[in-house]
Amino acid sequence: MCAPIEPNTSVAPVPQRAPDIIAPVIPEAEVETMPVDAPPGASVPGANPRAADLAVDSKPVTRIGLLLPTRSDALGPPAGALRAGFMAAYERDRTGFEVNLIDTGDSPQDVLAAYSTALEQNDIVVGPLARSAVSAIAGAGVAVSKPTIALNHPEGRGTGGALPHKLLVMGLSIEDEARQVAQWAATEHPGARALVVSGSSAWQRRIASAFAAQWKQLGNESQTMELAASNGYLSESGISQLRNRVDAEQPTLLFTALDADQLRQVRSSIGTSVPAYGTSSVNPGTEPGNALAELDGVRLLDLPWEVQPDHPAVMVYPRWNGSRRTLDLDRLYALGIDAFRVAREITLHPGAPFTMDGVTGRLSVSFGDGPARFERIQPTAVYQGGSFKPSGGGQ
């Protein structure tokens, strides 16, 4: 979800999905007007639009507090990617807005303290990023007195606890992706029997469970098979058992709670005749000249930013050129773009529900007197010859 994600007969080890990335926290807040490209803590010549913009527009400037764990060793790179995307969107539509960076570290206690400061000094807050930090704000009795856009989902989501009315949760969720894939696969294969093939990591078990639950709710049957892995490789014995099971049971389709390299292992063994579906975790990327034949025909769901580079909403923003660029961090950059756009829309049209074509999907937001509601529908695609083709089953 994040955003988070994570392919040859000889398969390279797979990097682990980023931790609680879609997770940070804070000590004393350091608040400053943030420049577009300067690192946290730099001075900000020209980033304050008051003098220039207000000479043309007499409307008051809206102050956006961007609450990110830039002091965290583990979460600093994700925070940096998200911040870069946020500022790219701000540069495009900055008139009437001022962005203040609130630096944080790793503890929920720090986040709570910095969040209180952010509320005092800003009109709207974007953040925090860590799952634990969002949970702290949502469940610690903190007065969420101003619009706040959380960049992750709170822990224990789905347990029925009500969120503060002014807290909008718009983090990337690979479990939501799995549920959308279930809807898509059920539309393409009514009444199908699905075999859910999962790796042994926690995030893979979560998306396997999310798909299976949604599949059952749609009135369909599924079986789950978990394959052991070591250093990113699926065990040969497990793949052999899977091949025998596919031959014996002949499922209509596979849902693959795997990463791209593991799915290549599976398809190299069992072939490509059984339709395979997956979330963004099976996206191998689109490096020029790097077509992966084993993945041809795989149906997956991901952000427009990753699978629809010619989408009008995607084309207007610069690509991120971070030195540590990965698909996960690239998705967080995209989340940063949409976070600014949603914050801007909320402040320009208070209380009005809206939809927009975002770089992370088709976004629907309701932010008024009642509980905030957010929905993201991501496009569906088919991997073919090293690139992605629209499937016709999504946006």
Side-chain angles (χ1 to χ4, degrees), residues 1-5 18 21-22 32-49 52-53 62 64 66-68 70 75-101 126-127 129 149 151 170-172 280 283-288 290 302-345 347-348 356-363 376 378-379 381 386-388 390 395:
M1 93 211 43
C2 63
I5 293 193
I21 255 186
I22 307 193
E32 59 194 35
T33 304
M34 184 168 56
V36 178
D37 297 315
S43 60
V44 190
N48 187 333
D53 292 343
T62 297
I64 303 176
L66 183 58
L67 185 70
L68 292 175
T70 53
L75 296 169
L82 195 143
R83 173 181 177 269
F86 193 92
M87 295 309 293
Y90 167 67
E91 270 303 283
R92 181 174 173 81
D93 294 296
R94 63 187 288 168
T95 301
F97 292 88
E98 172 184 296
V99 177
N100 299 309
L101 175 64
V126 177
L129 178 60
I149 300 174
L151 299 169
M170 67 168 291
L172 302 177
S280 59
N283 182 350
T286 54
E287 296 297 327
N290 190 30
D302 206 338
L303 312 184
W305 189 256
E306 303 300 340
V307 298
Q308 293 182 326
D310 57 350
H311 191 292
V314 170
M315 295 175 68
V316 299
Y317 296 103
R319 285 285 164 174
W320 183 50
N321 294 315
S323 60
R324 299 178 61 180
R325 182 180 179 275
T326 65
L327 280 174
D328 273 340
L329 293 181
D330 204 44
R331 293 183 182 108
L332 287 172
Y333 176 87
L335 178 61
I337 292 174
D338 277 355
F340 174 80
R341 296 181 66 203
V342 168
R344 180 177 183 273
E345 190 69 21
T347 57
L348 291 177
M356 68 167 62
D357 281 325
V359 300
T360 64
R362 179 70 173 169
L363 311 182
R376 176 187 290 110
Q378 296 174 218
S387 62
F388 298 105
Q395 294 184 67

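Numbering starts at 1 and runs along the sequence shown.
With contacts defined as side-chain heavy-atom distances shorter than 4.5 Å, the pair Leu66/Phe86 qualifies. Contact annotation: the side chain of Arg376 never approaches that of Arg362 to less than 4.5 Å [non-hydrogen atoms, C-beta and beyond]. Glu98 places none of its side-chain heavy atoms less than 4.5 Å from the side chain of Thr62. Using a 4.5 Å heavy-atom threshold, the side chains of Ile64 and Tyr90 count as separate. Considering only heavy atoms from C-beta on, Asp302 stays 4.5 Å or farther from Gln308 through its side chain. The side-chain heavy atoms of Tyr333 and Leu82, taken from C-beta on, include no pair separated by under 4.5 Å. The side-chain heavy atoms of Ser280 and Leu303, taken from C-beta on, include no pair separated by under 4.5 Å. At a threshold of 4.5 Å between non-hydrogen side-chain atoms, the residues Val359 and Pro304 do not count as touching.
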**Request:** Using the side-chain contact (heavy atoms from CB on, under 4.5 Å) rule, take Met87 and Val99 through it: C-alpha gap first, then chi angles, then the decisive distance, then the call.
**Result:** CA-CA 8 Å; Met87 295 309 293; Val99 177; 4.0 Å; yes
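Of all heavy-atom pairs between Pro318 and Trp305, the closest is O-CH2, 3.6 Å. The two atoms that bring Arg319 and Val314 nearest to each other are NH2-CG1, 3.3 Å, heavy atoms only. Minimum heavy-atom separation, Gly85 to Ile337: O-CG1, 3.3 Å. Smallest separation of non-hydrogen atoms from Gln378 and Thr360: CG-O, 3.6 Å.
Here the CG atom belonging to Asp338 is positioned 13.5 Å from the CZ atom belonging to Arg344, to the nearest 0.5 angstrom. The CG atom of Leu151 sits 6.5 Å away from the CG atom of Leu68 when rounded to the nearest 0.5 Å. Residue Asp93 holds its CG atom at 10.5 Å from CD of Glu345, rounded to the nearest 0.5 Å. Met315 contributes atom CE, which lies 7.0 Å from atom CG of Asp310 (distance to the nearest 0.5 angstrom). Atoms CG and CG, from Asn283 and Asp328 in turn, are 10.5 Å apart once rounded to the nearest 0.5 Å. Taking CG from Leu67 and CG from Asn100, the interatomic distance works out to 12.0 Å, rounded to the nearest 0.5 Å.
Using modelled atom types, one side-chain atom of Arg341 and one backbone atom of Asp357 make a donor-acceptor pair closer than 3.5 Å.
When only modelled atom types and interatomic distance are considered, Arg83 and Thr70 share no side-chain donor-acceptor pair under 3.5 Å. When only modelled atom types and interatomic distance are considered, Asp330 and Trp320 share no side-chain donor-acceptor pair under 3.5 Å.
Relative ring orientation between Phe97 and Phe340 is described as perpendicular, the plane-to-plane angle rising above 60° on a 0-90° scale split at 30° and 60°.
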